[in-house]
Amino acid sequence: MSAPLIETQNLVKTYGRGSSVIKALDEVSLTIDRGEFVAVIGASGSGKSTLMNMLGGLDKPDGGDIAIAGQSLARMSKRALAYFRNETIGFVFQQFQLLPKKSALTNVRLPMQYRRPRLDEENERARQSLERVGLGDRIHHKPTQLSGGQQQRVAIARALVGEPDLLLADEPTGALDSKTSTNVMELLVELNRQGITIVLITHDKEVADYANRVIKMRDGKIVEDVRQGVLA
């Protein structure tokens with residue numbers, strides 16, 4: 001049996017000092033296998049966003065350990081961690097985080113530039129990634145020329161261009177209307193069916209229902225972990 005893609009052991013993250021200390025993560029232990037689609041759900045302050053920051057190597061724990069693809073993130077230097085993120089993890093954010101004056105192709109190429117491939121290789125892989133999310137005919141459009149749903153698809157294409165082991169999506173439908181949200185979630189389900197491991201952070205139960213595993217957090221702890229069918 002293959003090792004889990006993600007494994008955390010007694011993960012702790014605290015903020016504040018003295019009597020005002022808040023445990024954003026309180027002894028969180030978790031394993032996620034390759035190919036899973038996991039939704040982490042909870043109210044504001046539950047610890048779900050802090051957990052995503054840990055999984056993405058954007059922050060380090062105060063206690064415990066986290067391993068992605070067998071590599072301990074807590075023990076990496078900042079430089080090694082930045083390289084590991086670029087090679088292993090794709091990020092999708094609520095507000096898209098696109099460069100407004102650059103084309104979809106240029107936005108999707110950005111993660112590749114840290115790997116120093118040839119320009120023609122960058123362009124081809126970015127083009128293929130945009131085609132993968134249904135935007136092959138929009139490669140030269142700027143974000144202002146695209147709908148919100150199309151902008152999020154560009155962001156997903158950017159996350160996929162480096163062929164990561166893990167896709168982290170932080171409230172990916174939070175800035176979208178219900179119809180567009182459905183389209184984006186159906187795309188994520190299809191990408192998962194193609195073998196991509198997805199961890200999605202949300203406060204919306206309808207969004208969480210697209211995942212085949214739902215982890216509920218409260219006060220920095222996992223209070224529920226349920227496997228389920230998917231909507232799409």
Do Lys48 and Ile41 have side-chain heavy atoms sitting under 4.5 Å apart? no

Do the side chains of Met185 and Leu200 get nearer than 4.5 Å, heavy atoms only? yes

Applying the 4.5 Å side-chain criterion to the ILVMFWY set and letting contacts propagate, would Leu73 and Ile201 be lumped into a single cluster? yes

Side-chain donor or acceptor of Arg109 paired with backbone N/O of Asn123 under 3.5 Å: no

If only atom types and distance count, is the side chain of Thr197 paired as donor or acceptor with the main-chain N or O of Gly35 below 3.5 Å? yes

Quick check against the 3.5 Å criterion: does Thr8 have a side-chain atom that pairs as donor or acceptor with the backbone of Leu30? yes

Any side-chain heavy-atom pair from Arg158 and Gln97 closer than 4.5 angstrom? yes

For the hydrophobic clusters of this structure (ILVMFWY residues joined by side-chain heavy atoms under 4.5 Å, transitively), does one cluster hold both Phe96 and Leu135? yes

Show your working on side chain to side chain contact (heavy atoms under 4.5 Å, CB included) between Tyr83 and Arg79 and close with a plain yes or no. CA-CA 6 Å; Tyr83 179 82; Arg79 184 174 181 179; 6.0 Å; no

Quick check for you: to the nearest 0.5 Å, what is the distance between Arg213 atom CZ and Asp225 atom CG? 4.0 Å

Is it the case that Arg138 and Gln145 place a side-chain donor and acceptor less than 3.5 Å from each other? no

Nearest-0.5 Å distance that lies between atom CG in Leu81 and atom NZ in Lys78: 10.0 Å

Apply the test side chain to side chain contact (heavy atoms under 4.5 Å, CB included) to residues Glu124 and Gln128: give CA-CA distance (whole Å), side-chain angles for both, the deciding distance (0.1 Å), then the verdict. CA-CA 6 Å; Glu124 181 57 26; Gln128 290 174 357; 3.0 Å; yes

Are Ser72 and Asp65 close enough, and set up right, to give a side-chain hydrogen bond (donor to acceptor under 3.5 Å, both in side chains), and what steps lead you there? CA-CA 7 Å; Ser72 173; Asp65 196 13; 2.8 Å; yes

N/O donor-acceptor pair under 3.5 Å between Ser20 side chain and Gly16 backbone: no

What's the shortest heavy-atom distance between Gln94 and Ala175, and which atoms? O-CB, 3.7 Å

Leu105 and Arg127: which non-hydrogen atoms are nearest, and at how many Å? CD1-N, 3.7 Å

Heavy-atom side-chain contact between Phe37 and Val189 under 4.5 Å: yes

After noting the C-alpha distance and the side-chain angles of Val223 and Met217, does the key distance pass the side chain to side chain contact (heavy atoms under 4.5 Å, CB included) rule? CA-CA 6 Å; Val223 295; Met217 296 193 68; 6.0 Å; no

Are any non-hydrogen side-chain atoms of Gln152 and Val92 less than 4.5 angstrom apart? yes

Ignoring hydrogens and geometry beyond distance, is a side-chain donor-acceptor pair present between Thr14 and Asp62 at under 3.5 Å? yes

So, taking the atom named CG in Asp59 and the one named CG in Leu51, what distance separates them when rounded to the nearest 0.5 Å? 11.5 Å

Is there a path of hydrophobic side-chain contacts, each under 4.5 Å between heavy atoms of I/L/V/M/F/W/Y residues, joining Ile196 to Tyr210? yes

Can you measure from CG (Leu166) to CD1 (Ile68) and round to the nearest 0.5 angstrom? 6.0 Å

Could you tell me whether the side chain of Leu11 reaches within less than 4.5 Å of the side chain of Asp26, counting heavy atoms only? no

Within the side chain of Asn107, is there an N or O that forms a donor-acceptor pair under 3.5 Å with the backbone of Leu99? yes

Please report the shortest heavy-atom distance between Pro100 and Pro143, naming the atom on each side. O-CD, 3.5 Å

Return yes if a side-chain donor-acceptor contact under 3.5 Å exists between Asp177 and Thr180, otherwise no. yes

Side-chain heavy-atom pair Glu7, Ile66 within 4.5 angstrom cut-off: no

Can a salt bridge be assigned to the pair Arg227 and Glu36 using a cut-off of 4.0 Å between side-chain N and carboxylate O? yes

Between Glu27 and Val12 (side chain of the first, backbone of the second, donor and acceptor by atom type, cut-off under 3.5 Å), is there such a pair? no

Distance-minimising heavy-atom pair for Val28 and Gly220: CG2-O, 3.3 Å

Please indicate whether Lys60 has more than 12 foreign heavy atoms, meaning atoms of other residues, nucleotides or ligands, lying under 6.0 Å from its NZ. yes

Going only through I, L, V, M, F, W and Y residues with side-chain contacts under 4.5 Å, is there a path from Ile6 to Ile198? no

If you compare all heavy atoms of Gly47 against all heavy atoms of Leu25, which two are closest, and at what distance to 0.1 Å? O-CD2, 3.6 Å

Within the side chain of Ser29, is there an N or O that forms a donor-acceptor pair under 3.5 Å with the backbone of Gln9? no

Name the residue from Val108, Ile156, Val154 that meets the side chain to side chain contact (heavy atoms under 4.5 Å, CB included) definition with Val133. Ile156

Quick check: closest heavy atoms across Ser129 and Ala157, and the distance to 0.1 Å? OG-O, 2.6 Å

Does Phe93 share a hydrophobic cluster with Leu176, counting links as ILVMFWY side-chain heavy atoms below 4.5 Å and allowing steps through other members? no

Would you say NZ of Lys216 has more than 12 non-hydrogen atoms from neighbouring residues, nucleotides or ligands within 6.0 angstrom? no

Just so I know, are the side chains of Leu167 and Asn192 near enough to count as touching, which here means a heavy-atom distance under 4.5 Å? no

Measuring from Gln150:CD to Leu98:CG, what's the distance to the nearest 0.5 Å? 12.0 Å

First locate atom CZ of Arg125, then atom CG of Leu160, and finally report the distance between them rounded to the nearest 0.5 Å. 11.0 Å

Are any side-chain N or O atoms of Glu171 and backbone N or O atoms of His203, one a donor and one an acceptor, separated by less than 3.5 Å? yes

Main-chain N/O of Ala43 paired to Ser46 side chain as donor or acceptor, under 3.5 Å: yes

Answer with yes or no whether the side chains of Thr106 and Ser103 bring together a donor and an acceptor at under 3.5 Å. yes

Report the C-alpha distance between Arg85 and Phe91 in whole Å, list the side-chain angles of each, state the deciding distance to 0.1 Å, and finish with yes or no for side chain to side chain contact (heavy atoms under 4.5 Å, CB included). CA-CA 9 Å; Arg85 280 197 304 266; Phe91 295 89; 4.0 Å; yes

